[in-house]
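What follows is a short report on a single structure.
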Amino acid sequence: MPFHVEGLVAIVVFYLAILAVGIWAAWKTKNTGSEGDRSEAIIVGGRDIGLLVGGFTMTATWVGGGYINGTAEAVYVPGYGLAWAQAPIGYSLSLVLGGLFFAKPMRSKGYVTMLDPFQQIYGKRMGGLLFIPALMGEMFWAAAIFSALGATISVIIDININISVIVSALIATMYTLVGGLYSVAYTDVVQLFCIFLGLWISVPFAMSHPAVTDIGFTAVHQVHQAPWLGSINSLDIYTWLDNFLLLTLGGIPWQAYFQRVLSSSSATYAQVLSFLAAFGCLVMALPAVLIGAIGASTAWNQTEYGVPDPMTKKEADMILPIVLQYLCPVYISFFGLGAVSAAVMSSADSSILSASSMFARNIYQLSFRQNASDREIVWVMRITVFLFGASATAMALLASSVYGLWYLSSDLVYIIIFPQLLCVLFIKGTNTYGAIAGYLFGLVLRITGGEPYLYLQPLIYYPGCYPDENNIYIQRFPFKTLAMLTSFFTNIIVSYIAKYLFESGTLPPKLDFLDAVVARYSREHMDKATLVKSDNIVLNELAPVNPRHSLTLTSTFTNKEAFNYVDSSPELSNTEDN
């Protein structure tokens, strides 16, 4: 394949434009946040992200390289088709459920990161444990999409994969480093526009190629391969449901989502943003679905791609860039490549910022350096943005099973963090003992279920499992959802048992070594002075702990309008007077 100078120039121009927008956003908002609140401004954008920018950035966070490439691949692969392209519907429902049930309680209490409520109720050690699967999910996701981007660019302009991955990662890391959420949000607006325009421009050119059969006909008739509408076999129904629930419910407990929710100017705005993003995800999936259908309707032996077809060459995961390269004019394929690059960076920058935000606040500040200055926290965030960006790039270049690692880590987000989030927000009385037990039970059940992408053989063989071509057993039973439900109910049951044993006197208070039931005033729990501003929230919304007024931490609440629906409580003034 010849080296395309025009394609390289197009990519360079696009990357420079994105970098310029990111730096402009950082300069425009450099004075945002009062003295001592700069770290919060970087994490949640000063809580003044409007509907337009907020809707774009939340949509762009989900509409990444994996979302677009994965949807096209699912529609293209024979035997699967549109019936198995679950991401558009799954993620859209995830955003709707997040807006209905999770956005308001999280935003109205003024949290800064997703891990704040866990540290408030369960203590800093439990927050540290939950940081592990959250970090794994964000980092492996960023690595997977960087890897996909390198392969995509190499298909179209025949440039070294490693160079394209490194340059893309440097651009995304650079503007995230200087501007935080503001740079990410404003570049997301540009990137989402490029994705929409780039893919929609490519579709009519690809569809009109002489080698492409009418996609309406191939949807229900076998021409070059099985109909692209696809079908679900009766044996695979439980697998389909398991994966769908993982996308729908497991798509909620991500810092990248809650970072947008918590950056909204009010709880109501946070809900509206979620609904707008749900609609945006569906709209942005349409060109990817059409490109997958075009790939399934193409006689590849009549194109420069030749034989065998992409499925036989095991390049089905690259069907989108292949369609752009071989079914579109050169200048159109370069424009489409810019769209794919935009999709990747719009997700990668969000993941890197999310990981650094959780580390700087929930691990460094709240767990180790509670008296750290705001300037110190800002520098910790900048350093970790660089380190996490470099780590994701290294994994994309070196790891042979990045996607397998991401699948496993995203499962852990669904199985461990989602039930914990349900308990901490909606189930009264759960404590650290139940949280740890639920965490361990969910982790064990997931790992013992095996992972084909990592060639991890299961230890528990559920009904209906069968060996694949590598003799790794595939589970048909919905064991991921079983592990999630087990984690959820284990948390509740163990919490209530521990609460009864300690409060009834069956166990002496000295055995409450986690300070979760009897020792309720332990420093282990995040108190009012650490987590909130006293003039913005009443005490009955917080864990029952003694405030330590000597701390000088940055506060987390900046918007009083978000609390208008909360009744005032005399407890606040009484406690402050003491």
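Heavy atoms only, all atoms of each residue included: Pro88 and Tyr67 are closest at CA-OH, 3.3 Å. The nearest pair of heavy atoms linking Ser350 to Ser354 is O-OG, 2.7 Å. The two residues Leu177 and Phe386 have their closest heavy-atom pair at CD1-N, 4.3 Å. Across Arg107 and Val261, no two heavy atoms sit closer than the pair CD-O, 3.5 Å. Considering every non-hydrogen atom in both Ala372 and Tyr364, the closest pair reads CB-CE2, 4.3 Å. Shown here for Leu249 and Phe418, the closest heavy-atom pair between the two residues is O-CD1, 3.5 Å.
Looking only at side-chain heavy atoms (C-beta outward), Val289 and Thr71 come within less than 4.5 Å of each other. Side-chain contact between Tyr122 and Gln420 is present, with heavy atoms from C-beta onward closer than 4.5 Å. Annotation: side chain of Asp188 is in contact with side chain of Arg260 (closest heavy-atom distance under 4.5 Å). Within the 4.5 Å cutoff, side-chain heavy atoms of Tyr439 are placed close to those of Pro133. Using a 4.5 Å cut-off on side-chain heavy atoms (C-beta onward), Met318 and Pro310 make no contact. At a threshold of 4.5 Å between non-hydrogen side-chain atoms, the residues Ile363 and Met358 do not count as touching. At a threshold of 4.5 Å between non-hydrogen side-chain atoms, the residues Val112 and Leu262 do not count as touching. Counting heavy atoms from C-beta on, the side chains of Trp254 and Ser410 come closer than 4.5 Å.
With values rounded to the nearest 0.5 angstrom, Thr113 atom OG1 is found 3.5 Å from Asn362 atom CG. To the nearest 0.5 Å, atom CZ of residue Phe118 and atom CD1 of residue Ile417 are 6.5 Å apart. A distance of 10.5 Å separates CG of Leu397 from CE of Met395, quoted to the nearest 0.5 Å. Note: Leu247 CG to Ser92 OG = 10.5 Å, rounded to the nearest 0.5 Å. One finds the CG atom of Asp349 at 4.5 Å from the OG1 atom of Thr176 (value rounded to the nearest 0.5 Å). Annotation: the span from Ile89 atom CD1 to Phe244 atom CZ amounts to 7.0 Å, rounded to 0.5 Å.
The aromatic rings of Tyr257 and Trp62 are tilted relative to each other, their planes meeting at an angle between 30° and 60°. Ring-plane geometry between Phe359 and Phe131 is classed as tilted, the angle between the planes lying from 30 to 60 degrees on a 0 to 90 degree scale.
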Practice task
Using the side chain to side chain contact (heavy atoms under 4.5 Å, CB included) rule, take Val75 and Ile319 through it: C-alpha gap first, then chi angles, then the decisive distance, then the call.
Solution key: CA-CA 10 Å; Val75 174; Ile319 190 63; over 6 Å; no
Exercise for the section: Under the side-chain hydrogen bond (donor to acceptor under 3.5 Å, both in side chains) rule, what do Gln255 and Ser357 come out as? Steps first, then yes or no, please. Expected result: CA-CA 9 Å; Gln255 168 66 10; Ser357 300; 4.7 Å; no
Practice task
Before giving the answer on side chain to side chain contact (heavy atoms under 4.5 Å, CB included), spell out for Tyr111 and Met106 the whole-Å C-alpha distance, their side-chain angles and the decisive distance to 0.1 Å.
Solution key: CA-CA 6 Å; Tyr111 297 125; Met106 289 290 288; 3.9 Å; yes
Practice task
Give the C-alpha distance, both sets of side-chain angles, the deciding distance and a yes or no for side chain to side chain contact (heavy atoms under 4.5 Å, CB included) between Tyr414 and Leu245.
Solution key: CA-CA 9 Å; Tyr414 171 53; Leu245 288 173; 3.6 Å; yes
Practice task
Could you please spell out the steps behind the side chain to side chain contact (heavy atoms under 4.5 Å, CB included) verdict for Leu425 and Phe101?
Solution key: CA-CA 10 Å; Leu425 291 181; Phe101 302 108; over 6 Å; no
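Judged purely by atom type and a 3.5 angstrom limit, Ser183 uses its side chain to pair as donor or acceptor with the backbone of Gly22. Looking only at distances, no side-chain donor or acceptor of Ser487 sits under 3.5 Å from a matching main-chain atom of Ala483. Using a distance-only test at 3.5 Å, with no hydrogens or angles considered, no donor-acceptor pair links the side chain of Glu138 to the main chain of Ile352. Remark: side-chain polar atoms of Arg47 are paired, donor with acceptor, to backbone N or O of Gly110 under 3.5 angstrom. Under a 3.5 Å cut-off, the side chain of Gln271 and the backbone N or O of Gly99 do form a donor-acceptor pair.
Across Thr61, Thr57, Thr187, Thr59, a single residue satisfies side chain to side chain contact (heavy atoms under 4.5 Å, CB included) together with Leu192, and that is Thr59.
Here Phe258 pairs with nothing under the ring pair (Phe, Tyr, Trp, His ring centres under 6.0 Å) rule; sequence neighbours left out.
Using a 4.0 Å cut-off between charged side-chain N and carboxylate O, Lys480 and Asp411 make a salt bridge.
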